[in-house]
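This report concerns only the one structure given below.
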Number of protein chains: 4
Amino acid sequence: MSKNGEITEVLTRGPGRPRSEEARRAILETTLELLQKTGFNDLSIESVAAQAEVGKATVYRWWPNKAALVMEAFVLAVESELKYASTGSAEAVIRDQMRRWTKVFRTPLGKVISAVIGAGQSEPEMLEAFRHYYVQPRRVEARKLLREAMLNGEIRSDIDPDTILDLLYGPLYLRLLLHHAELTPELADLVFDIVMPGLKPR
Amino acid sequence: MSKNGEITEVLTRGPGRPRSEEARRAILETTLELLQKTGFNDLSIESVAAQAEVGKATVYRWWPNKAALVMEAFVLAVESELKYASTGSAEAVIRDQMRRWTKVFRTPLGKVISAVIGAGQSEPEMLEAFRHYYVQPRRVEARKLLREAMLNGEIRSDIDPDTILDLLYGPLYLRLLLHHAELTPELADLVFDIVMPGLKPR
Amino acid sequence: MSKNGEITEVLTRGPGRPRSEEARRAILETTLELLQKTGFNDLSIESVAAQAEVGKATVYRWWPNKAALVMEAFVLAVESELKYASTGSAEAVIRDQMRRWTKVFRTPLGKVISAVIGAGQSEPEMLEAFRHYYVQPRRVEARKLLREAMLNGEIRSDIDPDTILDLLYGPLYLRLLLHHAELTPELADLVFDIVMPGLKPR
Amino acid sequence: MSKNGEITEVLTRGPGRPRSEEARRAILETTLELLQKTGFNDLSIESVAAQAEVGKATVYRWWPNKAALVMEAFVLAVESELKYASTGSAEAVIRDQMRRWTKVFRTPLGKVISAVIGAGQSEPEMLEAFRHYYVQPRRVEARKLLREAMLNGEIRSDIDPDTILDLLYGPLYLRLLLHHAELTPELADLVFDIVMPGLKPR
DNA sequence: CAATAATCGAGACGGTACGTCACGTCTTCTT
DNA sequence: AAGAAGACGTGACGTACCGTCTCGATTATTG
């Protein structure tokens with residue numbers, strides 16, 4: 001993310017004016033706003049700096065390029081969304097996760113996520129960051145539950161849990177990215193109900 | 001695509017020097033080449049014109065912007081790939097289609113397709129073109145087979161055939177776009193085998 | 001001027017469609033019109049062709065460049081103005097010529113003439129044409145009269161007649177080109193009256 | 001000239017990187033050089049920027065168009081030439097000025113001046129600048145001397161001093177612009193000698 | 001409490017690509 | 001053959017951002 005991790009910044013700080021937290025926030029918020037409004041391609045650092053009322057060099061001092069900036073803005077937008085807790089059986093939790101996703105995808109954040117994936121097709125580190133900061137953290141719990149269900153004999157154990165998650169989320173992502181059909185909680189249920197039988201042990 | 005459809009161009013042509021087919025081909029081929037090499041973002045019309053040894057104005061005369069140009073180049077690249085024929089049962093044909101896809105996605109064309117979808121997140125008409133020129137033509141046969149299978153009672157008839165195709169192809173697209181795992185014919189088989197049971201009539 | 005002199009064109013003509021006199025006239029008239037309206041720099045052959053409803057190639061077929069075209073338009077505009085006749089003594093005739101000039105300079109033709117001289121600062125052949133088609137023909141009579149007056153002892157004979165004409169017309173041209181003061185027949189008289197004493201034999 | 005007058009620029013300067021004096025000089029010098037080499041029409045801002053090793057935007061930041069740029073270059077070239085001093089009677093001083101002019105007109109600066117007047121036929125503000133920055137400053141002294149000579153009864157007082165200067169310099173400008181005869185100090189003397197008798201009180 | 005140092009905003013800098021316009025040439029059909 | 005129509009490669013136009021730089025001003029730590 002930013003050049004200095006938070007810990008070192010607090011404990012040992014050299015002389016000189018400290019980084020303006022206000023500027024940082026303004027830049028990231030403006031980035032998110034413009035990202036939703038104009039998309040990744042038309043988002044210029046020039047316009048971020050102008051709208052955030054910040055010097056252009058201040059942006060470049062902390063983020064090496066547009067991708068890094070957008071990435072951090074994206075992470076900021078997405079991290080607050082992680083605080084949830086589902087309870088119940090493995091199947092109930094995953095089904096609940098999937099439903100929640102379809103709802104998140106329909107907020108402005110959905111536009112940000114598809115913009116990030118889109119930009120990632122040109123910028124590999126963008127994609128890497130998306131997987132690292134978004135996909136993986138969200139799969140942790142589901143993966144654990146799937147493994148437990150495999151041990152319990154509730155689902156087939158000859159398939160990689162991540163592949164199962166690809167099967168469940170792939171159709172949702174497809175609609176997010178291709179816009180050829182609506183993305184609804186009902187679709188999440190349908191996908192889940194169709195895929196599950198195939199996961200039962202024979 | 002181009003301003004004049006081919007038919008009217010042949011039958012009734014006004015005065016004036018006709019469009020140079022050579023220039024058109026050079027531009028589209030160069031576009032494809034650069035698209036694979038540098039991606040959508042770094043592809044500049046300036047460089048296309050230079051490498052195709054064509055005036056920049058000639059590009060702008062026929063394509064209003066980069067998206068339109070890339071779109072037509074994409075269609076050109078993709079249309080020759082449509083000529084195939086699978087035979088057998090509905091399930092056999094669809095399984096075969098899916099396997100073939102995973103192979104196409106690994107050629108340079110795969111890079112073009114993901115670039116198009118990526119760019120489409122910023123440019124709606126790009127996405128529209130992708131759906132219209134790529135997705136739909138390829139789904140025609142599968143959709144027909146699925147409908148027949150529904151009538152025969154081989155698969156559930158309470159699901160939209162396109163949604164079924166989303167279920168089958170979504171996981172493949174996910175790997176194409178997120179690059180988090182490999183895209184293999186075996187994956188196609190696995191997806192097919194897991195999804196199919198859920199489609200059987202209860 | 002045009003590639004083929006008029007005589008050969010009439011006497012020996014090859015096969016093929018003859019040159020369109022209508023197009024020629026339309027081009028030259030449009031040129032004059034645009035020359036007065038927009039000046040030499042902003043006059044484009046593209047716009048001449050468009051406004052004259054003529055193919056661009058037709059312009060280039062007969063005139064090698066903008067300068068040549070403007071030159072011929074200028075000559076056309078100016079040649080009708082040559083038909084006059086002054087009578088009387090040398091001094092009376094020259095004074096009359098000078099007065100007439102100041103009047104011509106104030107018509108739209110004056111704008112054309114100053115545009116031609118202006119353009120001539122960049123294009124030598126333009127200047128050459130101006131001198132050949134405008135200045136020289138108009139000086140013929142005055143020069144003859146001056147020489148006679150020298151022989152008669154009315155004016156000094158130790159000065160080149162053309163230098164005398166420079167003395168008389170220089171101040172007028174200066175006002176035409178610098179626009180720092182008005183160009184009036186009275187000025188012509190004043191210049192004449194001041195210069196003449198210095199031309200009397202001592 | 002430039003957007004900020006020099007005085008305010010020194011006294012009160014806003015924030016931001018200050019204008020590069022080096023770039024300014026390089027641009028103006030390159031402009032002068034190209035103006036003499038290629039004339040006004042063929043001088044492109046693109047080539048000025050390239051040869052001055054300066055971004056094109058830097059030129060456009062400070063000069064709105066080619067005319068403004070050439071004008072300031074012209075003023076720069078001409079202002080150093082003003083520092084001279086003639087002494088003696090009114091007639092001696094003016095004669096001396098005229099001779100000096102014919103010499104200046106034959107240096108590369110002469111080419112610049114005729115280019116400026118030529119361009120001025122299309123661009124009024126160019127002409128305005130020429131009169132304001134070149135003609136007027138140079139006429140100040142001569143005008144003063146002429147007025148004194150009128151009061152002393154040495155020359156007619158019924159003629160506007162500027163008209164007298166038109167009479168003296170008109171013939172010189174005519175040769176500068178029409179190139180039909182050489183521009184020599186002897187011509188300056190001849191013009192002076194012929195015009196003066198007509199200026200004596202009757 | 002000064003000196004030092006890193007930050008801030010502002011904005012100019014050398015560049016690159018944009019999309020447009022006119023150049024002068026060409027290739028077609030029509031007259 | 002010459003006409004109009006109009007596409008061609010070329011190159012300059014004026015604009016927008018890029019990422020870097022240099023200012024004066026501000027805000028912290030250090031001697």
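Naming convention: chains lettered A, B, ... in sequence-line order (proteins, then strands); numbering from 1 in each chain.
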Taking only nitrogen or oxygen atoms into account, show me every contact under 3.5 Å that the protein makes with nucleotides 7-11 of chain F, one pair per line with its distance.
from: F:dA7; atom 1: O4'; to: B:Arg17; atom 2: O; distance (Å): 3.2
from: F:dA7; atom 1: N3; to: B:Arg17; atom 2: NH1; distance (Å): 3.4
from: F:dC8; atom 1: OP1; to: B:Ser20; atom 2: N; distance (Å): 3.2
from: F:dC8; atom 1: OP2; to: B:Arg61; atom 2: NE; distance (Å): 2.8
from: F:dC8; atom 1: OP2; to: B:Trp62; atom 2: NE1; distance (Å): 2.9
from: F:dG9; atom 1: OP2; to: B:Gly55; atom 2: N; distance (Å): 3.2
from: F:dG9; atom 1: OP2; to: B:Thr58; atom 2: OG1; distance (Å): 2.6

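- Checking B:Pro15 against D:Pro15, the closest nucleotide of DNA chain F that is more toward the 5' end is the one next to B:Pro15.
- Residues passing the side-chain hydrogen bond (donor to acceptor under 3.5 Å, both in side chains) test with A:Thr38: none are found, sequence neighbours excluded.
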Could you list the donor-acceptor pairs under 3.5 angstrom formed between side-chain atoms of residues 113-123 of chain B and any protein atom two or more places apart in sequence or on another chain?
from: B:Ser114; atom 1: OG; to: B:Gly110; atom 2: O; distance (Å): 3.3
from: B:Ser114; atom 1: OG; to: B:Lys111; atom 2: O; distance (Å): 3.1
from: B:Gln121; atom 1: NE2; to: A:Leu177; atom 2: O; distance (Å): 3.0
from: B:Gln121; atom 1: NE2; to: B:Ile117; atom 2: O; distance (Å): 3.2

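- Between A:Glu46 atom CD and E:dA10 atom P the separation is 13 Å, expressed in whole Å.
- With sequence neighbours excluded, the residues that form a side-chain contact (heavy atoms from CB on, under 4.5 Å) with C:Leu76 are C:Leu28, C:Glu79.
- Contacts between residues 32-45 of chain D and DNA chain E, defined by a heavy-atom separation below 4.0 Å, involve no residue at all.
- Rounded to 10 degrees, the angle between the two end axes of the helix from E:dC1-F:dG31 to E:dT31-F:dA1 is 10°, with five pairs used at each end.
- Taking the side-chain hydrogen bond (donor to acceptor under 3.5 Å, both in side chains) definition, one finds that B:Glu29 meets it with nothing, sequence neighbours left out.
- Between the side chain of C:Lys66 and the main chain of C:Ile45, no donor-acceptor pair closer than 3.5 Å is present.
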Show every donor-acceptor pair shorter than 3.5 Å between a side-chain atom in residues 51-59 of chain D and any protein atom, with sequence neighbours excluded, or say none if there are none.
from: D:Gln51; atom 1: NE2; to: D:Glu33; atom 2: OE2; distance (Å): 3.0
from: D:Lys56; atom 1: NZ; to: D:Glu46; atom 2: OE1; distance (Å): 3.3

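- Applying the ring-ring contact (aromatic ring centres under 6.0 Å, His included) criterion to B:Phe40, with sequence neighbours excluded, gives no partner residue.
- Scored by the side-chain hydrogen bond (donor to acceptor under 3.5 Å, both in side chains) test, C:Ser47 finds C:Ser44 as partners (sequence neighbours excluded).
- Residues passing the side-chain hydrogen bond (donor to acceptor under 3.5 Å, both in side chains) test with D:Glu125, sequence neighbours excluded: none.
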